[in-house]
Number of protein chains: 2
Amino acid sequence: MDSDIGQELRPRGRPRAFDGEAALEAAMRSFWASGYDGASVDQMCRVTHMSRASLYQSYGGKEGLFLAAIAHYAETRVARVAAALGPNGTLAEDLGAFYQEVVRLATDDPETPGCLISCVLSDAAGSNARFREELDHRFMAFEARISARLDHAGWPSLTKVQSRIAAGLAAAIARGIMLRARSGSGHEDLAQVADAAVLALLQLSD
Amino acid sequence: MDSDIGQELRPRGRPRAFDGEAALEAAMRSFWASGYDGASVDQMCRVTHMSRASLYQSYGGKEGLFLAAIAHYAETRVARVAAALGPNGTLAEDLGAFYQEVVRLATDDPETPGCLISCVLSDAAGSNARFREELDHRFMAFEARISARLDHAGWPSLTKVQSRIAAGLAAAIARGIMLRARSGSGHEDLAQVADAAVLALLQLSD
DNA sequence: CCATATAAAGAACGATCATTCTTTAAATTG
DNA sequence: CAATTTAAAGAATGATCGTTCTTTATATGG
């Protein structure tokens, strides 16, 4: 009764030897670099400093750890890309910032090229129904976020292209850039494609 | 000396029990549907009607069979997409036909959604240097093909966007569409995105 | 008909994988 | 200082994988 005084409440038994946040970050990076099949549970235990027992206790298995890593990725990486959409400035400025973040995310670290969702989850979804469902949700949420930004800018509802479709195009471009980064394209090349993407999308609203 | 008369020359030993062309088509579809890791050698022997011994004799192993399947895919599937670029009509018409073929290829058969190169090879390249090289070549060739079509249409060389970059954008869109098809998007949705892509790309040349 | 050559069929091998189980260590509670 | 609770460490398990090897079948050449 006197152990949970203040903020130092310690659970009953032997304390964990790993840091949950750091473990998730390390697991995420391992999946990102090696793919779902390519990253073994042994490798995961090594990089997260977790025992197999702890991994299964905390996440239920490899599949659960992967889903947790995806959520961590969405909160720490995708969130930055989505935040660039603002609205912070004009639509042109925000789209420019958006694609700049996309290229940065895809090329910043040569150990983790491309996108954990577009490249890794997208592949794992092929042979796992739970992952397919997760991918669908993530993709739809991403497109909805872009669509909302276009609507906020007063996207002409009478034009040939609805904001929902334009958002689908914008998202497809972002994923194409992620894929190209995975295959070795560098920051310079992709930044030029990103600039062209902004121009092309903006002229769609005329 | 009298066995190779005419076109009926038969090799010396026991004749093959499988058809090379049909085997390649079946192997391609299996890799396309299940991914590189997801398709086992056992599965390959079943669908191609080859014995393990024949598979290793003819293709050297799983890796060689996959590369042969990629080549077969490029010759039979990608070739149709590239052919749509013509030049057959105006740039607008040809781009429209191009993306129509992209969407068709990605959504035609629900057993094989998306693109064998953009989705499957792209993933396998992550853990195999030979596959990475192959992917790079295929991606560059695809972009060069689009770029040549833009140049042929007299793509304004003085505009803000070079044809090489515009081709990179056009290819990124195609790959984004392939990826979205893999995650379950249907023909209708993607066709609308494809139409928007044509509009956006054309307005880039103004 | 016999020697030779090629392919089919499938057993066998070694490696790797995800998962579970057993034992040991380190903490709190009374 | 026991008793209890939780985690770490790692061996054990069963399945699957890509590859190789052995045996059998089917063709041609002389």
Side-chain angles (χ1 to χ4, degrees), chain A residues 1-20 22-24 26-27 30-31 34-69 123-124 126-128 130-131, chain B residues 1-20 22-24 26-27 30-31 34-69 123-124 126-128 130-131:
Chain A
M1 225 16 183
D2 55 343
S3 72
D4 54 7
I5 312 171
Q7 43 198 359
E8 285 265 354
L9 93 164
R10 258 259 200 69
R12 191 79 189 297
R14 175 173 174 172
R16 291 182 170 178
F18 65 93
D19 173 20
L24 217 48
S30 253
F31 280 126
S34 310
Y36 182 72
D37 284 323
S40 70
V41 172
D42 275 340
Q43 181 182 336
M44 283 300 157
C45 291
R46 211 177 320 123
V47 301
T48 61
H49 303 112
M50 292 169 76
S51 64
R52 275 198 227 1
S54 294
L55 193 154
Y56 279 82
Q57 175 68 25
S58 301
Y59 299 100
K62 188 181 183 182
E63 184 172 320
L65 179 61
F66 183 55
L67 288 171
D123 171 70
S127 53
N128 183 308
R130 175 69 188 83
F131 292 166
Chain B
M1 220 24 180
D2 56 344
S3 73
D4 54 6
I5 311 170
Q7 44 199 359
E8 284 265 352
L9 93 163
R10 257 260 201 67
R12 192 78 190 298
R14 175 174 174 172
R16 291 181 169 179
F18 65 92
D19 173 20
L24 217 48
S30 253
F31 280 126
S34 310
Y36 181 72
D37 284 322
S40 69
V41 172
D42 275 340
Q43 181 181 336
M44 283 299 158
C45 291
R46 211 177 320 122
V47 301
T48 61
H49 303 111
M50 291 170 76
S51 64
R52 275 199 243 329
S54 294
L55 193 155
Y56 278 82
Q57 174 69 25
S58 301
Y59 298 101
K62 188 182 183 181
E63 184 172 320
L65 179 61
F66 183 55
L67 288 171
D123 171 70
S127 53
N128 183 308
R130 176 69 188 83
F131 292 165

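The sequence lines fix the lettering, A, B, ..., with proteins before strands; numbering per chain opens at 1. Just so it is clear, the values below take in all heavy atoms, side chains as well, and ignore hydrogens, waters and symmetry mates.
Ala23(A) and Thr48(A) get closest at one heavy-atom pair: O-CG2, 3.3 Å.
Within residues 38-48 of chain B, the residues approached by DNA chain D to less than 4.0 Å at the level of any non-hydrogen atom are Ala39(B), Ser40(B), Val41(B), in residue-number order. Applying a 4.0 Å cut-off to non-hydrogen atoms, none of the residues of residues 61-69 of chain B approaches DNA chain C.
As rounded to whole Å, 17 Å separates atom P of dT22(D) from atom OH of Tyr56(B). Taking atom OH of residue Tyr59(B) and atom P of nucleotide dA7(C), one finds them 12 Å apart after rounding to whole Å. Atom NE2 of His49(A) is separated from atom P of dA9(D) by 10 Å (rounded to the nearest Å). Straight-line distance from the CD atom of Gln57(B) to the C1' atom of dT19(D): 14 Å, rounded to whole Å. What separates CG of Leu55(A) from C1' of dT19(C) is a distance of 11 Å, to the nearest Å. Between the C1' atom of dT24(C) and the CZ atom of Arg52(A) lies a distance of 16 Å, rounded to the nearest Å. Rounded to an integer number of Å, the gap from CZ of Phe18(A) to P of dA7(D) is 8 Å.
Between Tyr36(B) and Met50(A), the residue anchored closer to the 5' end of DNA chain D is Met50(A), taking for each the nucleotide with the nearest heavy atom.
Under the side chain to side chain donor-acceptor pair (under 3.5 Å) criterion, Asn128(B) pairs with Glu63(B), not counting sequence neighbours. Scanning for ring pair (Phe, Tyr, Trp, His ring centres under 6.0 Å) contacts around Tyr36(B) gives Phe31(B), Phe66(B), Phe131(B), with sequence neighbours left out. Every residue meeting the salt bridge (Lys or Arg N to Asp or Glu O under 4.0 Å) condition with Asp42(B), not counting sequence neighbours, appears here in chain and number order: Arg52(B). The side-chain contact (heavy atoms from CB on, under 4.5 Å) test applied to Arg12(A) returns no partner, not counting sequence neighbours. Residues that satisfy the side-chain contact (heavy atoms from CB on, under 4.5 Å) test with Tyr56(A), not counting sequence neighbours, are Val41(A). Applying the side chain to side chain donor-acceptor pair (under 3.5 Å) criterion to Ser30(A), with sequence neighbours excluded, gives Gln43(A). Scanning for salt bridge (Lys or Arg N to Asp or Glu O under 4.0 Å) contacts around Arg46(A) gives an empty result, with sequence neighbours left out.
A distance-only check finds a donor-acceptor pair linking the side chain of Lys62(A) to the backbone of Ala39(A) [under 3.5 Å].
Summarising the geometry, atom CG belonging to Asp37(A) is positioned 9.0 Å from atom OG belonging to Ser127(B); distances are rounded to the nearest 0.5 Å.
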Got a list of protein N/O to nucleotides 1-6 of chain D N/O distances below 3.5 Å?
residue	atom	partner	partner atom	Å
dT6(D)	O2	Arg14(A)	N	3.1

Report task. Test Tyr59(A) against Met50(A) for side chain to side chain contact (heavy atoms under 4.5 Å, CB included), laying out the working first. Result -> CA-CA 11 Å; Tyr59(A) 299 100; Met50(A) 292 169 76; 3.8 Å; yes

